[in-house]
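Please read the structure below before turning to the comments.
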Number of protein chains: 2
Amino acid sequence: MLEINDAFNSDHNHDHCVSGALDNAKVICQESGQRLTPIRELVLRLVWSSHKPLGAYELLPALADAGFNSAPPTVYRALDFLHQLGLIHKIGSLNAFVGCSNPEHPHPSAFMICRECKTAAEIETSELQESFNRVANTHGFQLEEENIELLGLCSDCRGSES
Amino acid sequence: MLEINDAFNSDHNHDHCVSGALDNAKVICQESGQRLTPIRELVLRLVWSSHKPLGAYELLPALADAGFNSAPPTVYRALDFLHQLGLIHKIGSLNAFVGCSNPEHPHPSAFMICRECKTAAEIETSELQESFNRVANTHGFQLEEENIELLGLCSDCRGSES
DNA sequence: AAATGTATTGTTATAATATAACAATAATTG
DNA sequence: CAATTATTGTTATATTATAACAATACATTT
């Protein structure tokens with residue numbers, strides 16, 4: 001299992017994250033016959049403005065600034081759309097959303113999340129699937145979705161603890 | 001990894017679950033010098049009324065019936081107390097709480113959760129810890145807490161799908 | 001291009017979840 | 001018993017999310 005983005009490296013080229021996410025989104029929308037409308041693209045950009053999960057209401061001012069309607073349903077609809085296509089993940093314990101680093105192929109939501117700086121680094125969990133499938137099969141459970149959250153302190157924030 | 005309670009077996013003796021949970025709570029409170037007050041005990045009983053996670057507001061009517069104050073802070077305080085002692089887990093994706101089947105030793109929150117009947121069966125994840133520790137160590141992440149949710153359809157609900 | 005149906009967005013209202021702040025009471029300690 | 005701490009009561013409000021319906025934009029067929 002490896003980290004699949006550079007979220008915890010503050011020197012990474014984040015423009016590259018954003019442009020990659022946008023490129024992925026366009027391809028995935030194309031392939032699935034969905035439209036990446038201006039609102040949806042903006043919401044995706046906003047979610048990708050950092051690797052810190054953002055709550056729906058934190059996006060509203062930027063929607064207003066861009067001249068869009070900024071009532072809650074607008075942003076929730078866009079978030080739902082992006083979530084259904086696997087372009088973003090929801091972090092349940094934070095009620096917040098973060099970009100998916102690898103949306104080309106559907107996969108579970110799995111993150112290390114720093115309680116101090118809130119940064120969420122996506123992790124790859126294919127090596128866990130055998131265990132999950134085993135427990136599910138043992139109990140006749142049809143596994144459809146997974147949410148995995150590893151909470152703690154990132155390297156940077158460990159160093160600067162009081 | 002094995003299921004550690006009989007949540008998905010509707011024939012299980014649930015009184016045994018409840019009495020075990022209460023016994024555990026008393027021991028753990030004793031050992032940690034905390035008080036299992038009447039409100040706290042009632043909230044624990046209510047959370048344990050089934051294996052379906054309950055939202056905080058679902059507990060309020062029963063608190064009122066029992067003659068207690070039933071404003072939100074009352075139940076959230078009790079839930080926070082029980083959560084801190086590891087007597088209940090919070091299911092982030094449901095904003096709901098469920099009893100912990102094995103609170104004697106602290107451990108991560110890990111459940112299979114049926115999207116149809118909402119039953120949550122706790123699972124034991126010690127075999128995953130090596131993977132989690134490895135990814136955390138690789139990135140200097142200090143792992144403090146885990147939330148693992150396996151979402152899908154339980155055996156009973158698979159049978160009765162339309 | 002016009003007519004039709006579908007998808008998306010706008011708008012208002014409200015539901016559901018959670019916490020802040022301070023007062024009152026109960027339990028514990030010295 | 002007095003002083004301190006923990007717990008509970010109370011009011012108000014913050015935060016997160018959805019329902020319901022109207023208006024507009026887009027796509028498809030003719």
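Remark: C1' of D/dT5 and CZ of B/R77 are 15 Å apart, rounded to the nearest angstrom. For A/N69 and C/dT9, the CG to P distance is 10 Å, given to the nearest whole Å. In this entry the distance linking CG of A/L54 with C1' of D/dT16 reads 14 Å, nearest Å. Rounded to whole angstrom, the span from the CD atom of B/Q84 across to the P atom of D/dT7 amounts to 11 Å. At whole-Å resolution of the value, CD in B/E58 and P in C/dA16 are 10 Å apart. Note: CG (A/L60) to P (C/dT9) measures 15 Å, nearest angstrom. When rounded to the nearest whole Å, the span between CZ of A/F68 and P of D/dA25 equals 13 Å. In this entry the distance linking CG of A/L94 with P of C/dT17 reads 18 Å, nearest Å.
Between B/Q34 and A/P72, the residue anchored closer to the 5' end of DNA chain D is B/Q34, taking for each the nucleotide with the nearest heavy atom. Between A/T37 and A/Y57, the residue anchored nearer the 5' end of DNA chain C, judged by the nucleotide with its closest heavy atom, is A/T37.
Classification of the A/F8-B/F141 ring pair by plane angle, with boundaries at 30° and 60°, yields parallel.
Relative to the side chain of A/R35, the nucleotides D/dA27, D/dG9, D/dT7 differ in distance, and D/dA27 lies closest. Comparing C/dT11, D/dT10, D/dG9 by their nearest atom to the side chain of B/P73 picks out D/dT10. Checking C/dT11, D/dA17, C/dT17 against the side-chain heavy atoms of A/F97 singles out D/dA17 as nearest. Considering only side-chain atoms of B/N95, the nucleotide from D/dT8, C/dA18, D/dT7 that sits closest is C/dA18.
Open room surrounds CD on B/Q30; 12 or fewer heavy atoms of other groups in view lie less than 6.0 Å from it.
Using a 4.0 Å cut-off, some side-chain N or O of A/Y76 falls inside it from OP1 or OP2 of D/dA17. Under 4.0 angstrom from either OP1 or OP2 of C/dA18 there lies at least one side-chain N or O belonging to B/K90. Contact check, B/R40 against D/dT8: a side-chain N or O comes under 4.0 Å of OP1 or OP2.
Side-chain contact between B/T125 and B/P108: present, with at least one pair of heavy atoms (C-beta onward) separated by less than 4.5 Å. A heavy-atom distance below 4.5 Å is not found between the side chains of A/P53 and A/F97.
Of the possible donor and acceptor atoms, one in the side chain of A/E122 sits under 3.5 Å from a partner among the backbone N and O of A/S101.
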